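Computed from a predicted model, the values in this text were never measured in an experiment.
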Amino acid sequence: MTEERPVEVLIVGAGNIGRVYGYHLFKGGAKVHFYVREHNKQNLSNNPLVMHGLSSVIRWCNKTSTIKFSDYTVTTDTDIANGNAPNLPEHLDYVIFSVPSHHLGEGNWLKTLVTFINNKYQKNVYYTSPIPDETNMERYLDMGVEKSQLIAGQTNVSSYFAPLADQKYEPRSKEILEKDNEEKNPNKVTIFIPFFSEVVGNLTEEAKEATDKYVKILNKGGLKTVNIGKDTEYGINAILLVPILAGFSLYNWNFYDVGRDLKTMSLITASLRETSSIILKKTKDQNNSMIKAISFVPSILFASFLILFHFISLYIFSLDFEAFCNAHFNVKLGEQTDYWNNILSNDAEKYGIDISNLKKLMKQYKESSKKNE
């Protein structure tokens, strides 16, 4: 009886999400390979990745598990550009993109990578991404990937490099924190918690078997995942967040301060209505009910919820959610907000939709960003 070979997975990017997926895929029985920039190779190759998984969103119920992960290989952009990637396996099953969407269009690295994979593996590879891609993965079709090779994704994991700046609560125990500091690992410590199940969806019937297999590996590895059998539309829906990303960043993601400013809240909700109109027009009014409901959310209700959520973040959540959002969306992904705003502006002009409120909000956001530089 022939033994079934292990599933081989290439993860593009070794940031927080890439590490979380890498570990759980490995735990589920897959062999993991990371693709990173050349300057990240040494630390990733010579030191284990240290992660702490939080078991509950409720602070008093949480138990922190420590994970050290080093069972992977590393391939770099230089290897691929030179056409020589000795660490890649003979067979490859999945490629997972865990880098922000605005980095996918920078330079020619993505085209070079996909071309290399197509040539080496004759298109016997499935591509997916838990990160929102505003093209709904159509960018890969332009690079010679077949639609039957695509699997839509959506992550619901919150993860970050510890510690967070200005955090009011540290989810790690004193003993774990001291041990992390003593080890002096150049790879930053990752803390993560899955708020909901991960979501994937096969875009074609041909990809269903591969999608189910991928889901099975993640679930076996401890990362709950479901296949909804269709496009998650994560890339389109995520752009709806632009008014929130910009408006909340004005107050460094302090929900209490945002909620008290009814003038800004009114501007955010008006911008959300404009953004939802663009998305509905772009999807020919076929999008989900959440997008349509945005137009009916009153500012005062939204503001009240934010003030309540501020205290939940302070005293109930197992991580400082405000500090996490500020570090993630305002600092780390600040340029992504500008990137998505440009997409919205172009679509608004294309469909003749007035976005005067969004423009006003983005002006305030950019002025605030300059002051904080």
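- The side chain to side chain donor-acceptor pair (under 3.5 Å) test with Glu8 singles out one residue from His91, Lys31, His33, and that residue is His33.
- Glu134 and Arg139 are joined by a salt bridge, as a carboxylate oxygen and a charged side-chain nitrogen come within less than 4.0 angstrom of each other.
- Within the 4.5 Å cutoff, no side-chain heavy atoms of Tyr35 are placed close to those of Leu88.
- Judged by distance alone, with hydrogens and angles left aside, the side-chain atoms of Thr155 form no donor-acceptor pair with the main-chain N or O of Pro130 at under 3.5 Å.
- Between the side chain of Ser98 and the backbone N or O of Gly13, at least one donor-acceptor pair lies under 3.5 Å.
- Looking at Asn341, its side chain never comes within 3.5 Å of a backbone N or O of Thr337 through a donor-acceptor pair.
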Begin with the C-alpha distance, continue with both residues' side-chain angles, and end with the deciding distance and a verdict on side chain to side chain donor-acceptor pair (under 3.5 Å) for Asp166 and Asn326.
CA-CA 10 Å; Asp166 301 320; Asn326 188 53; 5.5 Å; no
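- One finds a salt bridge joining Asp257 and Arg260 here, because a Lys/Arg side-chain nitrogen approaches an Asp/Glu carboxylate oxygen to under 4.0 Å.
- Tyr315 does not carry Arg59 over the face of its six-membered ring by the limits of under 6.0 Å from the centre and within 45° of the normal.
- Using a 4.0 Å cut-off between charged nitrogen and carboxylate oxygen, Glu274 and Lys359 do not count as a salt-bridge pair.
- Contact check for Val9 versus Tyr126: no side-chain heavy atoms found under the 4.5 Å cut-off.
- Glu322 and Tyr256 form no side-chain donor-acceptor contact under 3.5 Å, judged by distance and modelled atom types alone.
- Within the 4.5 Å cutoff, side-chain heavy atoms of Leu358 are placed close to those of Pro243.
- With hydrogens and angles disregarded, no donor-acceptor distance shorter than 3.5 Å links the side chain of Ser249 to the backbone of Asn252.
- For the ring-ring contact (aromatic ring centres under 6.0 Å, His included) test with Phe317, the passing option among Phe311, Phe309, Tyr169, Phe324 is Phe309; the others fail.
- Salt-bridge check for Lys208 with Asp212: passed, with a basic side-chain N closer than 4.0 Å to an acidic carboxylate O.
- The nearest pair of heavy atoms linking Gly259 to Leu262 is O-CD2, 4.0 Å.
- For the pair Val57 and Ile193, the minimum side-chain heavy-atom distance is below 4.5 Å.
- Contact check for Ile228 versus Val200: no side-chain heavy atoms found under the 4.5 Å cut-off.
- The backbone N or O of Thr112 sits nowhere less than 3.5 Å from a side-chain atom of Thr115 that would complete a donor-acceptor pair.
- In this structure, Asp347 pairs ionically with Lys282, as a charged nitrogen and a carboxylate oxygen lie closer than 4.0 Å.
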Assess whether salt bridge (Lys or Arg N to Asp or Glu O under 4.0 Å) is satisfied between Glu90 and Lys120, documenting all intermediate values.
CA-CA 9 Å; Glu90 182 180 353; Lys120 183 174 176 64; over 6 Å; no
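- The CG atom of Leu54 sits 8.0 Å away from atom OG of Ser65, with the distance rounded to the nearest 0.5 Å.
- Clustering ILVMFWY residues whenever any of their side-chain heavy atoms sit less than 4.5 angstrom apart, transitively, puts Ile236 in a cluster other than the one holding Leu141.
- For the atom pair OG (Ser276) and CG (Asn237), the distance works out to 11.5 Å, reported to the nearest 0.5 Å.
- Using the six-membered ring where Trp is involved, Tyr214 and Tyr21 have ring planes that are parallel, under 30° apart on the 30 and 60° scheme.
- Contact of the Leu319 side chain with the Gln167 side chain is not registered, since no non-hydrogen atoms from C-beta on lie closer than 4.5 Å.
- Put simply, the side chain of Thr128 gets close to the backbone of Ile151: a donor and an acceptor are under 3.5 Å apart.
- At least one side-chain heavy atom of Asp320 sits under 4.5 Å from a side-chain heavy atom of Ser313.
- A donor-acceptor pair shorter than 3.5 Å cannot be found between the side chains of Ser148 and Thr204.
- In the model, Asn136 has a side-chain atom that pairs as donor or acceptor with a side-chain atom of Asp231 under 3.5 Å.
- Ion pair Glu4/Lys213 flagged as a salt bridge, since at least one NZ, NE, NH1 or NH2 atom sits closer than 4.0 Å to an Asp/Glu carboxylate oxygen.
- Taking 4.5 Å as the limit, every side-chain heavy atom of Ser318 sits out of range of all side-chain heavy atoms of Trp60.
- Residues Thr76 and Asp79 have side chains that bring a donor and an acceptor to within less than 3.5 angstrom of each other.
- A continuous path of hydrophobic side-chain contacts links Val32 to Ile131 [ILVMFWY only; heavy atoms under 4.5 Å].
- Asn16 and Tyr160 share no side-chain donor-acceptor pair at under 3.5 Å.
- Side-chain contact annotation: Tyr140 with Gln149, donor-acceptor N/O pair under 3.5 Å absent.
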Full working for side chain to side chain donor-acceptor pair (under 3.5 Å) between Thr225 and Glu198
CA-CA 4 Å; Thr225 309; Glu198 300 296 278; over 6 Å; no
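- Side-chain N/O atoms of His52 and Asp180 include a donor and acceptor closer than 3.5 Å.
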